[in-house]
2 protein chains.
Amino acid sequence: MNAPDTRTAILDLAEELVRSRSFNAFSYQDLADGIGIRKASIHYHFQTKEDLGVALVERLRRQAIAWASVLVERNATPLEKLDAYLDFQAQNCSSDGLICPQGVLGAEYNALPSRVQESYVEFLEQIQTWLASLLRKGQEQGVFMDDVPPEDQAALIQSAIQGALQLSRASGKQQRFEAVAKGLRDHVLCPVDG
Amino acid sequence: MNAPDTRTAILDLAEELVRSRSFNAFSYQDLADGIGIRKASIHYHFQTKEDLGVALVERLRRQAIAWASVLVERNATPLEKLDAYLDFQAQNCSSDGLICPQGVLGAEYNALPSRVQESYVEFLEQIQTWLASLLRKGQEQGVFMDDVPPEDQAALIQSAIQGALQLSRASGKQQRFEAVAKGLRDHVLCPVDG
DNA sequence: GTCTATAGCGGGATAGAC
DNA sequence: GTCTATCCCGCTATAGAC
């Protein structure tokens, strides 16, 4: 949408198609039709589909880092960071039928080109590390429950969010996502106040 | 394997391929090669791939009902049922690279044939209903936390389990699944004993 | 119920003109 | 950087012999 250049337009549409249908269920023809150019022109920017997949996941990683750095500049608290994360994922859950790319790629992991697999695993670890880090800080500050290691809390949150997006989309009940997000938040919060 | 008839052998292998690669990333040729017959013979049993997908999901639904009825015959308590469910999903998390079919089909939902989508949604609702029912009973018996509606607990458990399988497989860290399963169990259990 | 053979299409990818 | 044209392959699906 209104991308500054063709390469960006391709990545934008590819991301949308991954989140809608999965990596293996869209084609260069779909990209060409959506952008209004020919298949061969897509190959000029991304010689193979594996190249496109790697570029897509690497862009997701950079975007995630940029997104997180905004929170740092705002001196966001651990709870504010967690809420920002939950809100961000909730936006996926509107009516557009898109879910988070992590979940899609994880589900078809064995069918991904090998270099896409590698980028994807690093992306997952980046999210896991970021979540565990903010959860640890929240535990130290006494606002999060510390009966469980922050790494385990992070794994639960990451898993539940991506699973909930999948369930909500298919069932058509987005309140199911909201219930999960609220449950996760209450689960880590110390039971002093809301 | 060692299926009694060809039709069952096809369904068994199709299920394995879905759980490994996704529905859209395996072909009739894969089935034919794995079973040792020709593509055209697969079409004799399942005229279209959509038919195969529907038969597969419907079989999953029947198997789930049969599995649950065994627990009823054993007079299993709500906690025993929950543990059986977590154990069953944990078996997926061994080293064979397979995850639960619910998660795979949910991730590629928009790319599924329409009748497969319909069967899949009913499968999801069946699991959700079963989980919510056992959680409600556990709440009534005072063994599960009742600060949250059982439907919301069920959505959290179902989401987290299928997300955790996806994360664990890709990251190669199956302890991440175990941490999630343990976290879910502790989350619903009343904090009296383990 | 399984086979051979083939139709018909769409996939990823490349060559070369503009 | 985008185009036309094309290659080759694998896919789903069907026809008809055995």
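Throughout, a chain's letter reflects where its sequence line sits, starting with A, and its residues are numbered from 1. Computed over heavy atoms, backbone and side chain alike; hydrogens, waters and symmetry mates excluded.
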Between OH of Y28(A) and P of dC8(D) the distance, given in whole Å, is 21 Å
Send over the distance from R38(B) CZ to dG16(D) P, rounded to a whole Å. 21 Å
Separation of dT4(C) atom C1' from Q29(B) atom CD, nearest Å, is 13 Å
S41(A), nearest nucleotide to its side chain (from dA15(D), dT2(D), dA13(C)): dT2(D)
Looking at CD1 of I42(A) and CD1 of I37(A), how far apart are the two atoms once the value is rounded to the nearest 0.5 Å? 4.0 Å
Look at the side-chain N and O atoms of Y44(A) and state whether any lies under 4.0 Å from the OP1 or OP2 oxygen of dT2(D). no
To the nearest angstrom, how far is L31(A) atom CG from dG12(C) atom P? 9 Å
May I ask you to decide if S20(B)'s main-chain N or O and N110(A)'s side chain share a donor-acceptor pair within less than 3.5 Å? yes
Is the phosphate of dT2(D), meaning OP1 or OP2, less than 4.0 Å from a side-chain N or O of H45(A)? yes
Looking at Q47(B), does any N or O in its side chain come under 4.0 Å of the phosphate oxygens OP1/OP2 on dT14(D)? yes
Base, sugar-phosphate, or nothing for F26(A), non-hydrogen atoms under 4.0 angstrom? sugar-phosphate
Take the protein atom CG of L17(A) and the nucleotide atom P of dG12(C), then report the distance between them rounded to whole Å. 11 Å
Length of the line joining H43(A):NE2 and dT6(D):P, which is rounded to integer Å: 17 Å
Euclidean distance, atom NZ of residue K49(A) to atom C1' of dA13(C) [Å, nearest integer]: 13 Å
Tell me: CG of N24(B) to P of dG10(C), nearest whole Å? 16 Å
Short N-O contact, D152(B) and K182(A), less than 4.0 angstrom: no
cation_pi(K49(A), F26(A)) dist<6.0 Å, angle<=45: yes
Which residue lies toward the 5' end of DNA chain C, T6(B) or K39(B), if each is placed at its nearest nucleotide? T6(B)
Looking at R74(A), I want to see if its CZ is surrounded by more than 12 non-hydrogen atoms of other residues, nucleotides or ligands under 6.0 Å. no
Short side-chain N/O contact from S27(A) to OP1 or OP2 of dG11(C), under 4.0 Å: yes
